[in-house]
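Atoms within each ligand, like the ligands themselves, are counted from 1 in listed order. Because the structure is a prediction, the values reported are computed rather than measured.
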Amino acid sequence: MIKLISAAKPLKGSISLPPDKSIAQRAALFALLSESTSTISNYPEAEDPQTALSCIGMLGAEVIPDSSEIEIKGVGRDGLTLSGDIIDCGNSGTVMRLLSGILAGSGVQATLIGDASLSSRPMKRIMDPLSRMGAEITSADGGYPPLHLNRKGPLKPMRYTLPVASAQLKSCILLAGLFGDDVTEVVEPVPCRNHTETMLRLPVDHQNGHTVISSYRGLELPSQNLVIPGDFSAAAFWLVAATIVDGSDLMLPATGMNPTRNVAIDILKRMGADITIRNIRTEGAEPVADLQVRSTELRAVTIRPEEVPVAIDELPILSVAMAFADGTSRITGAEELRYKESDRLSAMGTILENAGIRVEVRKDGLIIQGRSGKPGKSTMHDSMNDHRIAMSAAILSLKTDGVSEIRNAGAASVSYPDFWSHLDSVAH
Ligand code: S3P
């Protein structure tokens, strides 16, 4: 799909955000593990969360859709059985890595496959610790999918310090640990998103400045009854769009405000962004708020290393904000961006450069010379089939001197199927 984007008029109105992809996928996987029925409201239509539903269906969960909510009848930790032997995780790293933990723990034999993008994402990071726990897991050469999990005896518990601040890795080990008689502990030196421990109500402790999360078979797993909040990672596109397009004033009701997800607000505010947070409340276990954002001039910013894991999915769109700021902005310590749905450092480097923005792509980050509010060049962009790159390129194109073309724009549906119609409704 190709989309043409022209320089925008002021962005006005209100956007109904897609439900949070990260929370939704977990709600589905954790509902499978529960012995009771879960009722999930506002479940997303986006591709990744739908993949999670089809995967749990293959493992025995009964998914009953209603108009506004879905019901999932779980099978419990001891009831998992696979129909067939191949599970297709589509584009979703979260589904593949979390499901690997569940399958390794439960001893269900399976092969996990994914699309071309997922098939080039590193899985050694989960294979090594799962093997240490006693799982038998093999992959294609180099540690890439497909992953083959073979039936094995009970897993050994482990105390594991995360070598990389990855919520998918943390969750994978904790889910495997749920099948062990003794306690598995994951030590988290640098915080990353906490949805797994929150939604499963896992014990969380603090030792020597590190967070330690535990799991074991003795923990009763709650059913997942919740309303999925608006996806903060989707909100970030509009926060940047309305900030850089002059005269904009946009509302984002019911935006997820989990503090391990919304650090991009702090970063944008350091840049001078005009974001008002109203009506903070709790929906299920998650804080939500109504956000208002108005356009303003930005100054350059340096992202702090501890901010990288808690703003990881927002870094591409933050690099667009940096492109229009006054001065030189820096993202460092973000090599993880190279292992997402695309190599996001190189993808954003190309996109910014094509739009006439001076950018240096480093091994672990970007150095961006801001244009102090001056529009960029209209051009042709390729999303590299990465949803966040497609949407970042589109927002960048709102602040250019003509019409830009976004190729492979359909990738946005992985997390935000209504992105293009929302863009039309607020920007033109
Ligand atoms: C996710 C964790 C992050 C994030 C991804 C979703 C999750 O990945 O980039 O979009 O749902 O746990 P990593 O764990 O690889 O950092």
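- When heavy-atom distances to ligand 1 are checked against a 4.0 Å cut-off, His195 has no atom that comes that close, whether in backbone or side chain.
- Atom numbering of ligand 1 starts at 1 in the shown order; those under 4.0 Å from a heavy atom of Ile312 are 9 (O).
- Checked by distance only, ligand 1 and Arg125 stay at 3.5 Å or farther apart across all their nitrogen or oxygen atoms.
- Each of the atoms 7 (C), 11 (O), 12 (O) of ligand 1 lies under 4.0 Å from some heavy atom of Arg26.
- A donor-acceptor pair shorter than 3.5 Å cannot be found between the side chains of Arg77 and Ser106.
- Between Arg261 and Asp313 no salt bridge is recorded (no basic side-chain N to carboxylate O distance below 4.0 Å).
- On a distance-only criterion, Lys21 and ligand 1 share no N/O pair closer than 3.5 Å.
- Among the atoms of Ser166, some N or O lies under 3.5 angstrom from an N or O of ligand 1.
- For Asn279, the CG atom is densely surrounded, since the number of other residues' heavy atoms within 6.0 Å is greater than 12.
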Practice item. Step by step, work out the ring-ring contact (aromatic ring centres under 6.0 Å, His included) result for His387 and Phe419. Key: CA-CA 10 Å; His387 55 132; Phe419 176 77; over 10 Å; no

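- For a threshold of 3.5 Å applied to N or O pairs, the pair formed by Ala167 and ligand 1 contains at least one separation below that value.
- Set against the non-hydrogen atoms of Ser22, the atoms of ligand 1 under 4.0 Å away are 7 (C), 11 (O).
- Of all the heavy atoms of Lys340, the ones lying under 4.0 Å from any atom of ligand 1 belong exclusively to the side chain.
- Distances from ligand 1 to the non-hydrogen atoms of Lys170 include no value under 4.0 Å.
- Side-chain contact check for Ser223 and Ser36: no donor-acceptor pair (N or O, by modelled atom type) lies under 3.5 Å.
- The distance criterion of under 3.5 Å between nitrogen or oxygen atoms is met by Thr94 with respect to ligand 1.
- Partners of Arg121 according to the salt bridge (charged side-chain N to carboxylate O under 4.0 Å, His left out) rule, which considers only residues two or more places apart in sequence or in another chain, are Glu341.
- Within a 6.0 Å sphere centred on CE of Met384, other residues, nucleotides and ligands contribute 12 heavy atoms or fewer.
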